[in-house]
Amino acid sequence: MTDLKTSLSEAVGSAFAAEGVDKALARVTASDRPDLADFQSNGALAAAKALKANPRELAAKVAERLAADPRLSSVEVAGPGFINMKLSNAALAQRAAEVAADTELAGASRVEPRKVVIDYGGPNVAKPMHVGHLRSAIIGESLKRLFRLRGDDVTGDAHFGDWGFQMGLLITACGDEGLADAFMAEGDGPFPAETPVTLADLDRLYPLAAGKAKEDPAFRDRARKATAELQGGRPGYRALWQHFVAVSREALKREYDDLSVDFDLWNGESDADPLMDEMIADLKAKGLLVEDDGAQVVHVAKPGETRKKKLADGSVIEAPSPPPLLVISSEGSAMYGTTDLATILDRKKSIAPDLILYVVDERQAEHFEQVFRAAYLAGYAPEKSLEHLGFGTMNGADGKPFKTRAGGVLKLRDLIDMATQSARYAVDNADLAGDVTPEEREDIAHKVAIAAIKFADLSNNRTTSYVFDLDRFMSFEGKTGPYLLYQAVRVKSLLRKASEQGVALAPIVIEEAAERDLALTLDAFDAATADAYDKRSPNLIAEHAYRLAQSFSKFYAACPILVAPDEATKGSRLALAAATLHQLETALRLLGIETPERM
RNA sequence: GCGCCCUUAGCUCAACCGGAUAGAGCAUCCGCCUUCUAAGCGGACGGUUGCAGGUUCGAGUCCUGCAGGGCGCGCCA
C-alpha cells in the first residue's frame, strides 16, 4: 500500500533523474496552497541550488515530463520553482477505494519488524497513582499501539517500582501495627498464602510510614534495616513483600484498565536484582567501574566533554559532562541507575530488543543519558538502541505542575472521577433515544471522559508541558476528544440507517470538492502514522484524527448520502463514510480511545 | 554559576529536510436545521513568530548576542 505522496515522489524522482538531477531531492509534500494544487514538490529549488541552475527552468522541464502522467489532471510551475500537481478525480477515487478495502490498516503501512520494548507507566507499590503518572501511561500506550500497527514486535513493560526504601517502610509499619505478625518471624516459614493487608491498609500505611520516617530517626533506621533484610532475602519479609506487590498490582491494573492501558510485563526493579552481582563483576572486569570519592562509578563522558562546575568553596572546576553514573554508593548500596542498567542487561538476555523506549518525564533526561552511555560502554545494548522519550508536565491554570485546590497532589482516580462526572452530566442532558439503558449511559460517560483526557494530552506536542483545563477538554465543540467521538458516532448512526434502508455500497466516485478533500485526507493517514512513528509523536495521529473528522463533517454537510439522487452516488458516498469510520476508529484506537455506538 | 528546553493571534496549541499568503480550536461577531445526530457547517475578526544582529535568492525554522520563563546539576527515584 502506497500513499499518493510516495507514489508521486517516485514519479517526480524519475523525471528528475531523466533531467540528470539527484532523484532523492524530488520529495513531494501536501500542498501549502490547497487552492492551487493537491501536492507540490520543492525539489527543483534545492536541485538548482546544488547545480547552480535556474530553478524555474528545471521545474518546467520536470513538469513537462510529468504532464503525461495519467493520474495528474494538471502540473504547473509556480513561484520560484514549485511544481504544483493536481490529481485527477479518478486517481483519487482509486486511492480512496484502496483505503476503504484495507480492513486491517485503514491505509497505513508497515515497516520491517523490529523487537521493541516500551518502558512506561512506572507505578509504585502502595503508592496510589497521581496525575504525574498519567502522561507516561497515555503516551506509552499510544506508542505501543502505533509501533504494533506498523508491524513491530512490541513488549510494554510497566517497570514496577517494587524494590526501594518504601518496601522497608511498609514492612516496618505493618509489623508495628501487628498486622503481619506471622511474617515477622525469622526463619524459613512457611508463611501464610493469604494476604494480611488490604489495599486500604496499604493506602493508609504508606503515607503514615513515610511521614514517620521523616520525624523519627529510630523508625527510619529500622525501615532501612528492613529494606536491607528484604533485599538480602529474609524469607518472612519476602513473603510479606510478595503480598504487597500482588495487592498493589491488582489495584493498579484496575486503574490502568479504566484508562485502557495494559502491559505485557509487570517486571519490577526487583527483577533486575538477581543480575546485580553478575553485572557489577562484569563492569569491574571491563575496567569500567572505578572508585570515586568512596563510591563506585562508571565514567561516561568522552575526553573533552566537560562543563564548568562551581564547588561549595566557591572555586570553579572543569567537570566531566555528563557526570559519571553512580553504581554503588559509598554505603555500598545500589542506586536507581544501577537498577536501570541491570534492567537493560536483563532485557538483553530475555528479549534482545532492537530498541528500548523509555517514556519518562523530561526531567530525567540527563539520568538516562548517563545510563545509556554506560550500557553502550558495557555492551549491554547496541549503539543508538536506547531512547529516552521525555515529556513535559501537566500544569494547572497557574502554569505550575497540577495541584488540587488544597495544594496536594491529585490522585489519578479522582481525576478520572471528575471527568466522568462531567461527562455523565453532558450525556444525561443530551437528546439520546429513550431506550438507552443506565448501563450504556454510564459506559458512554466513561468513554467520553477518557477520550477527553487522552485526546487533550496526546494532541499536545509530547515534549512540552501543557495546561490542564477540564472544562476545555470536556467541551463537545472544537478540537476535543468528545467532538471526535461525536463524529464517529454520527457515521455509525448513518451506517445503521443505510443498512435498514438497504442501501448498498458502490464503487467510489469523486466529484464534489468535499469528496476530493475527504479522499485526500484518507490518503494522508499513511504519512501521519509514519511521521508519528519516526518522531515518536502521537500528536501527529491526534492531528490527523481531527482533520479527518473535520473533512468528514464538511462532506456530511455538503454531500447528502441517503437522500442522494441515485443509487450509485448513495453507494459511493456510503463507501466513503464507511472508510472514514474505519480510519477514524483506527486512529482513535492508536490514541487509546474507544468509541461508543451512540451518544 | 554551568547545562538543557521553551517564548507563535486575547487564550490553548500547530507548522513536514530552510520555501508561496504562518495554520487550527476557544472567545467575539454574522449566516445556515420541514432533509442522514446543529455536540454540526459556512463566513468575518484577529500576527513585526520575545528583542537585536547574521547566513541565504528565501528564516517561525539555521548561527551569535540579549531579555523573560521552566527544568536539571553523584550517594532520593
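Just so it is clear: chains get the letters A, B, ... in the order the sequence lines come, proteins before strands, and each one is counted from 1.
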Would you please classify the geometry between the A:Y546 ring and the A:Y483 ring as parallel, tilted or perpendicular, with 30° and 60° separating the classes? tilted
Is a donor-acceptor contact shorter than 3.5 angstrom present between the side chain of A:D534 and the base of B:C16? no
Counting only side-chain heavy atoms from C-beta out, which of B:U35, B:C73, B:C75 sits nearest to A:V563? B:U35
Distance check: side-chain N/O of A:Q550 vs OP1/OP2 of B:G40, anything under 4.0 Å? no
Pairing string of RNA chain B (Watson-Crick or G-U wobble, both atom distances under 3.5 Å; | = paired to other strand) is (((((((..((((.....[...)))).(((((.......))))).....(((((..]....))))))))))))....
Please list, chain by chain and in numerical order, all residues satisfying salt bridge (Lys or Arg N to Asp or Glu O under 4.0 Å) with A:K23, sequence neighbours excluded. none
Donor-acceptor check, side chain of A:T338 to backbone of A:V327, threshold 3.5 angstrom: yes or no? yes
Using the P atom on both, measure B:G46 against B:G10 and round to a whole Å. 11 Å
Take the protein atom OH of A:Y336 and the nucleotide atom P of B:A77, then report the distance between them rounded to whole Å. 8 Å
Pick out the pairs of N or O atoms, protein on one side and nucleotides 7-14 of chain B on the other, that lie under 3.5 Å.
residue : atom : partner : partner atom : Å
B:U12   : O2'  : A:R472  : NH1          : 3.2
B:U12   : O2'  : A:R472  : NH2          : 2.7
B:C13   : OP1  : A:V467  : N            : 3.4
B:A14   : OP1  : A:N461  : N            : 2.9

B:U61 and B:A22, which share atom name C1', separated by this distance in whole Å: 11 Å
Taking only the side-chain heavy atoms of A:K535 (C-beta and beyond), determine which of B:G74, B:C36, B:C17 contains the nearest atom. B:C17
Against the side chain of A:V489, the closest entry in B:U37, B:G42, B:A20 is B:U37
Could you please name the option among B:G74, B:G72, B:C75 that lies closest to any side-chain atom of A:A295? B:C75
Can you figure out which of B:G72, B:A20, B:A39 approaches the side chain of A:E477 most closely? B:A39
Can you tell which of B:G42, B:A20, B:U37 lies closest to the side chain of A:N84? B:A20
If the P atom of B:G42 is compared with that of B:G25, how far apart are they to the nearest Å? 8 Å
With the criterion set at under 5.5 Å between ring centres and under 30 degrees between planes, would B:A20 be stacked on A:F82? yes
So which heavy atom on A:K447 is nearest to which on A:L485, and how close? O-CD1, 3.8 Å
How far, in whole Å, is B:U8 from B:A14 if one measures between their P atoms? 11 Å
Heavy-atom donor-acceptor pair, A:S493 side-chain to B:C36 base, under 3.5 Å: no
Under 4.0 Å: is that the gap between some side-chain N or O of A:K497 and OP1 or OP2 of B:U37? yes
